[in-house]
Amino acid sequence: QVQLVESGGGLVQAGGSLRLSCAPSDRTFTNYARGWFRQAPGEEREFVASISWNGGMTTIADAVKGRFTIFRDGAKNTVYLQMNSVKPEDTAVYYCAAGRIYGSPSQMPHEYGYWGQGTQVTVSS
């Protein structure tokens, strides 16, 4: 059973930057579309960003467009979320996801079959 492991979360001041990473426990876990979602307490899981299996296409949520970037490493088995100019409303648990999606990157959680345990991001004022 492959696991996705997020890292890079923590406490950051508003206006600062963080980089989240997500690596599979099995390095042969490749050629999957990847995504980032987030969930604040009492809220539904929210789409943040996604990237196609080959890194050729990305989709960014309007709430973070211009501030966040999603990208993959050369081996295409690790995905990153670069978070710049963070705001207090970005505070949430951030989840990495992966799925066999070969078209445009999906914004729907149910399209992703693999999930990480999440990493907490807290933005202070």
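Remember, it's a predicted structure, so these values are computed and weren't measured experimentally. Just so you know, residue 1 is the first one in the sequence shown, and it goes up from there.
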Might you point out which heavy atoms bring Ser106 and Glu111 nearest each other, and give the distance in Å?
-> OG-CG, 3.2 Å
Is there a donor in the side chain of Ser17 and an acceptor in the side chain of Asn84, or the other way round, less than 3.5 Å apart?
-> yes
What distance do Tyr95 atom OH and Leu20 atom CG have between them, rounded to the nearest 0.5 Å?
-> 13.0 Å
Would you please classify the geometry between the Phe29 ring and the Tyr32 ring as parallel, tilted or perpendicular, with 30° and 60° separating the classes?
-> parallel
Rounded to the nearest 0.5 Å, what separation is found between the CZ atom of Phe37 and the CE atom of Met108?
-> 8.5 Å
If every non-hydrogen atom of Pro105 is compared with every non-hydrogen atom of Ser52, which pair is closest and at what distance?
-> CG-N, 3.7 Å
Are any non-hydrogen side-chain atoms of Arg67 and Asp90 less than 4.5 angstrom apart?
-> yes
d(Phe68 CZ, Ile60 CD1) to nearest 0.5 Å is 9.5 Å
Checking Glu6 side chain against Gly118 main chain: does a donor-acceptor pair fall under 3.5 Å?
-> yes
Is Val86 reachable from Val48 through a run of hydrophobic residues whose side-chain heavy atoms are each under 4.5 Å from the next?
-> yes
Looking at CG of Leu81 and CD1 of Ile51, how far apart are the two atoms once the value is rounded to the nearest 0.5 Å?
-> 10.5 Å
With the 4.5 Å side-chain cut-off for hydrophobic clustering, are Phe71 and Val64 part of the same group?
-> no
Are the side chain of Thr91 and the backbone of Val123 linked by a donor-acceptor contact shorter than 3.5 Å?
-> yes
Side-chain donor or acceptor of Arg34 paired with backbone N/O of Ile70 under 3.5 Å | no
Donor on one side chain, acceptor on other, Tyr94 and Arg38, under 3.5 Å = yes
Going by heavy atoms in the side chains, are Tyr80 and Thr69 under 4.5 Å from each other?
-> no
Atom of Gln107, atom of Pro109 and distance for their closest heavy-atom approach = O-CD, 3.6 Å
Pairing of Lys65 and Asp62 as salt bridge, 4.0 angstrom limit = yes
Hey, does the side chain of Tyr112 reach the backbone of Trp36 with a donor-acceptor pair shorter than 3.5 angstrom?
-> no
More than 12 non-hydrogen atoms from neighbouring residues, nucleotides or ligands closer than 6.0 Å to CD on Gln13, yes or no?
-> no
Using modelled atom types only, decide if a donor and an acceptor are shared between the side chain of Ser50 and the backbone of Gly35 within a distance under 3.5 Å.
-> no
Is the number of heavy atoms from other residues, nucleotides or ligands under 6.0 Å of Arg27 CZ greater than 12?
-> no
Got a donor-acceptor contact below 3.5 angstrom from the Arg45 side chain to the Gln39 backbone?
-> no
Minimal non-hydrogen separation, Thr78 against Ala23, with atom names = OG1-CB, 3.9 Å
How far apart are the closest heavy atoms of Val79 and Cys96, and which atoms are they?
-> CG1-SG, 3.8 Å
With rounding to the nearest 0.5 Å, note down the distance linking SG in Cys22 to CZ in Arg72.
-> 10.0 Å
Answer yes or no: does atom CD of Gln120 have more than 12 heavy-atom neighbours from other residues, nucleotides or ligands under 6.0 Å?
-> yes
